[in-house]
Amino acid sequence: PRFYFLSNDELLEILAETKNVQAVQPHMSKCFDGIKSLDFGEDPKSVDIFAMFSAEGERVPLGKNLKARGNVEQWLTAVEAAMVASLKK
């Protein structure tokens with residue numbers, strides 16, 4: 001993730017809201033080039049990540065067992081790895 005594109009306030013907001021995985025959604029385009037948002041499914045409290053959406057609205061599945069748990073920087077790194085793996089297929 002490219003945290004250096006975030007302001008100090010945005011970074012603090014993401015890190016302070018570790019229990020609320022939806023708090024990272026407004027900042028996805030700054031953290032990753034080409035990702036507008038993540039698909040967490042229908043449940044707003046879900047930690048399962050099913051897919052990513054591009055700015056153009058394209059939905060790309062990210063595989064199975066990808067979860068937003070633990071430190072934000074760790075699960076965003078897992079999202080990055082899943083993104084690369086999905087796009088190589």
Side-chain angles (χ1 to χ4, degrees):
R2 305 175 312 173
F3 289 126
Y4 46 84
F5 286 119
L6 298 170
S7 70
N8 289 341
D9 290 339
E10 291 170 329
L11 186 58
L12 285 173
E13 179 183 343
I14 290 172
L15 295 176
E17 295 285 340
T18 56
K19 300 245 188 263
N20 179 12
V21 296
Q22 298 292 335
V24 78
Q25 291 282 37
H27 311 291
M28 287 304 296
S29 61
K30 289 184 179 180
C31 291
F32 295 101
D33 190 31
I35 296 182
K36 180 183 175 194
S37 63
L38 296 173
D39 179 8
F40 287 98
E42 298 294 323
D43 183 8
K45 294 186 178 191
S46 174
V47 295
D48 296 317
I49 303 170
F50 300 107
M52 62 183 174
F53 289 101
S54 71
E56 293 79 26
E58 179 183 12
R59 184 181 187 276
V60 179
L62 291 175
K64 298 183 189 236
N65 298 324
L66 186 59
K67 301 199 182 291
R69 286 196 182 135
N71 294 334
V72 175
E73 60 274 15
Q74 290 176 332
W75 66 260
L76 284 177
T77 300
V79 166
E80 182 177 19
M83 173 182 67
V84 171
S86 292
L87 294 176
K88 282 187 176 181
K89 290 181 183 179

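Rounded to the nearest 0.5 angstrom, Met52 CE and Lys36 NZ are separated by 14.5 Å. Note that CD1 of Ile49 and CZ of Phe40 are 4.5 Å apart. Values are rounded to the nearest 0.5 Å. In this structure, CG in Leu38 is found 9.5 Å from CZ in Phe53, a value given to the nearest 0.5 Å. To the nearest 0.5 Å, atoms CD1 (Ile14) and CG (Asn20) are separated by 11.5 Å.
Taking both residues in full, the closest heavy atoms of Ala23 and Pro26 are given as O-CD, 3.3 Å, listed atom of the first, atom of the second, then distance. Listed here is the closest heavy atom pair of Ser86 and Leu62: OG-CA, 3.5 Å.
Pairs of residues two or more places apart, or lying in two chains, that qualify as salt bridge (charged side-chain N to carboxylate O under 4.0 Å, His left out) and include a residue from residues 24-35 are Glu10-Lys30. Applying the side-chain hydrogen bond (donor to acceptor under 3.5 Å, both in side chains) test to pairs two or more places apart or on separate chains, those with a residue in residues 38-62 are Asp39-Arg59, Asp48-Lys67, Ser54-Glu56.
There is a path of hydrophobic side-chain contacts, each under 4.5 Å, that joins Leu87 to Ile35.
Val24 places a side-chain heavy atom less than 4.5 Å from the side chain of Trp75.
Shown here are the side chain to side chain contact (heavy atoms under 4.5 Å, CB included) partners of Ala55, two or more places apart in sequence or in another chain: there are none. With sequence neighbours excluded, the residues satisfying side chain to side chain contact (heavy atoms under 4.5 Å, CB included) with Leu11 are Phe3, Leu6, Leu15.
Counted within 6.0 Å of CG on Asn8, heavy atoms from surrounding residues, nucleotides or ligands total 12 or fewer; the atom is thus considered open.
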For residues 76-83, tabulate all N or O donor-acceptor pairs below 3.5 Å that involve a side-chain atom, not counting sequence neighbours.
residue	atom	partner	partner atom	Å
Thr77	OG1	Glu73	O	2.7

